[in-house]
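Please read all numbers here as calculations on a predicted model, not as lab measurements.
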Amino acid sequence: MSRAIAVLGGTGPEGFGLALRWARAGEAVIIGSRDAQRAQQAAAKIKQRAGEQAQISGLENSAACAATDLIVLTIPFEGHAPLLKQVKAAIRAGSIVIDATVPLASSVGGRASRTLGVWQGSVAQQTAELVPKGVFVVAAFQNTSAEVLNGDSSVECDVIVCGDDPNANQIAHALAAKIPGVRAIDGGKLENARILEHITALLIGLNIRHKGHSGIRITGLPEAAYQSGR
Ligand SMILES: NC(=O)c1ccc[n+]([C@@H]2O[C@H](COP(=O)([O-])OP(=O)(O)OC[C@H]3O[C@@H](n4cnc5c(N)ncnc54)[C@H](OP(=O)(O)O)[C@@H]3O)[C@@H](O)[C@H]2O)c1
């Protein structure tokens, strides 16, 4: 990628893990946070782990959005709509927003193994309503375990990419494929994000039941489906 990747909520385990993997792959990454200093501290930790050559910086969320046109959302559902409203003015037309947010019931004090209904159908569709016109939204990484991303081993899971713009989908696909062990698969329209988000609650339940860090692998598709993301 020639553009930097801004990871909003990149101080938390999911965003940090993705940022770490992309920094290791040679991508320029900006950690976004509500607090610039916290973002810089997370960026420094990633530099320690990824090496001095890592292109990683930390900025307050709006400044991170203003600095690039490729944005990844890794924030808890309760903060999702308020954050998007806050950063909206900094997101330029033509940007791509990749949403990994899951509407877990824990956002309102319930169980993390249950999801909440989202009026628009999914968090990613809510994002599509909240971003400025001309911004492309893609759903991906909801089923990728932060624990695994934050380790050093190959991630060994599939990332299903859903979105309505083929170019934006392709960019998300390429980003997923930068993570060792990840295969990206085209999952169709953005409306399918609803299903991806629900799968996460199931995975969390499996993790609790079996004490692990589960992910998903899709079998039985032609080889091309795993190679091209189409
Ligand atoms: N953890 C996983 O294994 C995993 C896997 C797949 C998907 N996800 C999804 O990815 C998202 C992030 O997961 P996580 O475990 O990294 O979450 P998290 O630790 O709860 O939050 C991530 C970051 O979001 C920011 N944040 C917290 N509350 C906020 C609010 N009300 N408004 C704006 N920003 C807020 C915080 O950064 P600052 O305080 O620095 O702003 C925090 O470090 C969630 O939607 C989760 O469901 C998680």
Hey, quick one: are [X] and [Y] part of the same hydrophobic cluster, counting side-chain heavy atoms closer than 4.5 Å, chains of contacts allowed?
| X | Y | value |
| --- | --- | --- |
| Leu202 | Leu104 | no |
| Val87 | Leu59 | no |
| Val131 | Leu73 | yes |
| Val159 | Val155 | yes |
| Leu83 | Val102 | no |

Over all heavy atoms of both residues, which pair between [X] and [Y] is shortest? Give the atoms and the distance, please.
| X | Y | result |
| --- | --- | --- |
| Thr74 | Ala100 | CG2-CB, 4.1 Å |
| Cys65 | Leu8 | SG-CD1, 3.7 Å |
| Ala42 | Gly10 | CB-O, 4.4 Å |
| Val137 | Ala124 | CG1-O, 3.6 Å |
| Ala43 | Gly58 | CB-N, 3.9 Å |
| Leu20 | Gly151 | CD2-O, 4.4 Å |

Within-4.5 Å side-chain heavy-atom neighbours: [X] and [Y]:
| X | Y | result |
| --- | --- | --- |
| Gln86 | Ser62 | yes |
| Thr127 | Val97 | yes |
| Pro13 | Glu147 | no |

Can you run down the side-chain hydrogen bond (donor to acceptor under 3.5 Å, both in side chains) pairs that involve residues 134-145, sequence neighbours left out, and say none if there aren't any?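 Only Asn143-Thr200 qualify under side-chain hydrogen bond (donor to acceptor under 3.5 Å, both in side chains).
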In Å and rounded to the nearest 0.5 Å, what is the [atom1] to [atom2] distance from [X] to [Y]?
| X | Y | atom1 | atom2 | result |
| --- | --- | --- | --- | --- |
| Ile5 | Leu18 | CD1 | CG | 9.0 Å |
| Ile46 | Ile56 | CD1 | CD1 | 4.0 Å |
| Arg183 | His173 | CZ | NE2 | 10.5 Å |
| Ile199 | Ile216 | CD1 | CD1 | 5.0 Å |
| Asp186 | Ile160 | CG | CD1 | 10.0 Å |
| Ile179 | Leu149 | CD1 | CG | 5.5 Å |

So, [X] side chain and [Y] main chain: donor-acceptor pair closer than 3.5 Å or not?
| X | Y | answer |
| --- | --- | --- |
| Asn192 | Cys162 | no |
| Thr68 | Ala4 | yes |
| Gln55 | Gly26 | yes |
| Asp158 | Ile218 | yes |
| Asn207 | Ser214 | yes |
| Asn169 | Val138 | no |

Do the charged groups of Arg21 and Glu27 touch, with an N to O distance under 4.0 Å?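 No salt bridge links Arg21 with Glu27.
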Contact list for residues 45-70, test salt bridge (charged side-chain N to carboxylate O under 4.0 Å, His left out), sequence neighbours left out: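 Every pair satisfying salt bridge (charged side-chain N to carboxylate O under 4.0 Å, His left out) with a residue in residues 45-70: Arg3-Asp69, Arg49-Asp152.
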Sequence neighbours left out, what pairs pass salt bridge (charged side-chain N to carboxylate O under 4.0 Å, His left out) with at least one residue falling in residues 80-102?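 For residues 80-102, and leaving out neighbouring residues, there are no salt bridge (charged side-chain N to carboxylate O under 4.0 Å, His left out) pairs at all.
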Apply side-chain contact (heavy atoms from CB on, under 4.5 Å) to Ile98 and Ile71, showing your working. CA-CA 6 Å; Ile98 302 173; Ile71 297 159; over 6 Å; no
Would you say that more than 12 heavy atoms from the other residues, nucleotides or ligands in this model lie under 6.0 Å from the CZ of Arg209, or not?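 No.
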Give a yes or no on whether Arg114 atom CZ has more than 12 heavy-atom contacts from other residues, nucleotides or ligands under 6.0 Å away.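 Atom CZ in Arg114 is not packed in, count stays at 12 or less.
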Any ring pair (Phe, Tyr, Trp, His ring centres under 6.0 Å) pairs touching [range], not counting sequence neighbours?
| range | answer |
| --- | --- |
| residues 50-89 | none |
| residues 96-124 | none |
| residues 5-51 | Trp22-Phe141 |

Checking Ser107 against Glu78: is there a side-chain donor and acceptor pair closer than 3.5 Å?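 Yes.
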Intermediate values then yes/no, side-chain contact (heavy atoms from CB on, under 4.5 Å), Val7 and Val29: CA-CA 7 Å; Val7 184; Val29 183; 4.0 Å; yes
Decide yes or no on side-chain contact (heavy atoms from CB on, under 4.5 Å) for Gln125 and Leu190, but give the supporting numbers first. CA-CA 7 Å; Gln125 288 166 290; Leu190 193 66; 4.1 Å; yes
Decide side-chain contact (heavy atoms from CB on, under 4.5 Å) for Ile185 and Leu221; before the verdict, give the C-alpha distance in whole Å, the side-chain angles of both, and the deciding distance to 0.1 Å. CA-CA 10 Å; Ile185 302 175; Leu221 298 178; 4.1 Å; yes
